[in-house]
Amino acid sequence: MSDCIFCKIINGEIPSKKVYENDFVYAFDDINPKAKVHTLVVPKKHFDSLNELDDEKIMSEILKGIKEVAKIKGIDSYRLQVNTGKAEGQEVMHLHFHILSNTVERK
Ligand code: AMP
């Protein structure tokens, strides 16, 4: 989507601190971190929110991407947050999983 900020990050039009990338997902550090580790994992294909996600391959790739980011960041303990819908705090309308951790056990 041409006016989507996360699509622009994925295609390099807007810079980001990339953590991980494969054919299906892109992960980058949140610009306004709310924990010691705060990374966003997003599907490269645009879905407005979790409600629109209908592709099982992409669902599994997102989960694999989350685990890759945890490995890269050296965290065994973390929380996932997926704000879904404006009324529950979703500000960027491109599906994204927040990975949040304050317990960096290894590096
Ligand atoms: P949400 O409220 O779930 O839609 O979260 C959107 C998240 O995107 C927030 O935590 C923002 O800090 C983050 N964000 C917005 N713009 C950028 C950007 N250019 N680079 C990295 N993170 C961003």
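Every number for a ligand or one of its atoms is a count from 1 in the order of the listing.
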K.L.:
Do me a favour and list the nearest non-hydrogen protein atom to atom 7 (C) of ligand 1 with residue, atom name and distance?
P.N.:
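Minimum-distance protein heavy atom for atom 7 (C) of ligand 1 reads Asp30 OD2, 3.5 Å.
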
K.L.:
Do Tyr20 and Thr39 have side-chain atoms, one donor and one acceptor, less than 3.5 Å apart?
P.N.:
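Side chains of Tyr20 and Thr39: no pair found under 3.5 Å.
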
K.L.:
Indicate, as side chain, backbone, both or neither, the part of Asp29 found under 4.0 angstrom from ligand 1 when only non-hydrogen atoms are considered.
P.N.:
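It is the backbone that touches ligand 1; the side chain stays farther off.
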
K.L.:
For atom 18 (C) of ligand 1, what is the nearest protein heavy atom, given as residue, atom name and distance?
P.N.:
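Ranking protein heavy atoms by distance from atom 18 (C) of ligand 1, first comes Ile9 CD1, 3.8 Å.
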
K.L.:
Would you say Lys86's side chain and Met93's backbone share a donor-acceptor pair under 3.5 angstrom?
P.N.:
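The answer is no, because no donor-acceptor pair under 3.5 Å joins these two groups.
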
K.L.:
Does some non-hydrogen atom of Val82 fall short of 4.0 Å from ligand 1?
P.N.:
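False for this residue.
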
K.L.:
If we set the cut-off at 4.0 Å for heavy atoms, which region of Gln81 has an atom near ligand 1: side chain, backbone, both, or neither?
P.N.:
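The answer is neither.
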
K.L.:
Using a 4.0 Å heavy-atom cut-off, say whether Phe6 meets ligand 1 through its side chain, its backbone, both or neither.
P.N.:
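For Phe6, the contact with ligand 1 is made by the side chain alone.
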
K.L.:
Mark up the atoms of ligand 1 that fall under 4.0 Å of a heavy atom belonging to Asn32, in ascending order.
P.N.:
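So the answer, numbered in order with elements, is 12 (O).
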
K.L.:
Can you list the atoms of ligand 1 that are under 4.0 Å from a heavy atom of His98?
P.N.:
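It comes down to these atoms of ligand 1: 1 (P), 3 (O), 5 (O), 7 (C), 10 (O).
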
K.L.:
So among Arg79, Lys34, Gln81, His38, which one has a side chain to side chain donor-acceptor pair (under 3.5 Å) with His98?
P.N.:
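Single side chain to side chain donor-acceptor pair (under 3.5 Å) partner of His98 among Arg79, Lys34, Gln81, His38: His38.
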
K.L.:
In terms of residue, atom name and distance, what is the protein heavy atom nearest to atom 4 (O) of ligand 1?
P.N.:
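Result for atom 4 (O) of ligand 1: Glu91 N, 2.7 Å.
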
K.L.:
To the nearest 0.5 Å, what is the distance between CG (Leu95) and CG (Leu40)?
P.N.:
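If I round to the nearest 0.5 Å, the distance is 11.0 Å.
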
K.L.:
Decide, yes or no, whether a salt bridge links Glu61 with Lys57 under the criterion of side-chain N to carboxylate O below 4.0 Å.
P.N.:
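Counted as a salt bridge, because a side-chain N and a carboxylate O are separated by less than 4.0 Å.
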
K.L.:
May I ask you to list the atoms of ligand 1 that are less than 4.0 angstrom from any heavy atom of Gln90?
P.N.:
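By the 4.0 Å cutoff, the relevant atoms are 4 (O).
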
K.L.:
Which bit of Asn83 is near ligand 1, meaning a heavy atom under 4.0 Å away: side chain, backbone, both or neither?
P.N.:
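Answer for Asn83: side chain.
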
K.L.:
Give the minimum heavy-atom separation between Ser101 and Ser77, together with the two atoms involved.
P.N.:
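Closest approach of Ser101 to Ser77, heavy atoms only: OG-O, 2.7 Å.
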
K.L.:
Which atoms of ligand 1 have any heavy atom of Lys34 under 4.0 Å away?
P.N.:
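With Lys34 as reference, the close atoms of ligand 1 come out as 10 (O).
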
K.L.:
Is the side chain of Gln90 donor-acceptor paired with the backbone N or O of Val92 at a distance under 3.5 Å, no angle test?
P.N.:
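Yes, Gln90 side chain to Val92 backbone: donor-acceptor pair under 3.5 Å.
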
K.L.:
Locate the shortest heavy-atom distance separating Lys45 from His94; write the atom from each residue and the value.
P.N.:
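Looking at all heavy atoms of both residues, the shortest contact is O-NE2, 3.9 Å.
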
K.L.:
Which heavy-atom pair separates Val25 from Lys44 by the least distance, and what is that distance?
P.N.:
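Shortest heavy-atom separation between Val25 and Lys44 comes out as O-CE, 3.7 Å.
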
K.L.:
Between Ile5, Leu95, Ile14, Ile31, which one has a non-hydrogen atom sitting closest to atom 14 (N) of ligand 1?
P.N.:
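When every heavy atom of Ile5, Leu95, Ile14, Ile31 is considered, Ile31 comes closest to atom 14 (N) of ligand 1.
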
K.L.:
What do you reckon, does Met93 put a non-hydrogen atom under 4.0 Å from ligand 1?
P.N.:
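Met93 does not count as a contact of ligand 1 under the 4.0 Å cut-off.
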
K.L.:
Can you check whether Tyr26 and Phe6 have ring centres sitting under 6.0 Å from each other?
P.N.:
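Between Phe6 and Tyr26, which both carry aromatic rings, the centre distance is not below 6.0 Å.
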
K.L.:
Against ligand 1, does Gly89 come closer than 4.0 Å with any heavy atom?
P.N.:
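Yes.
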
K.L.:
Can you find a non-hydrogen atom of His96 under 4.0 Å from ligand 1?
P.N.:
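True for this residue.
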
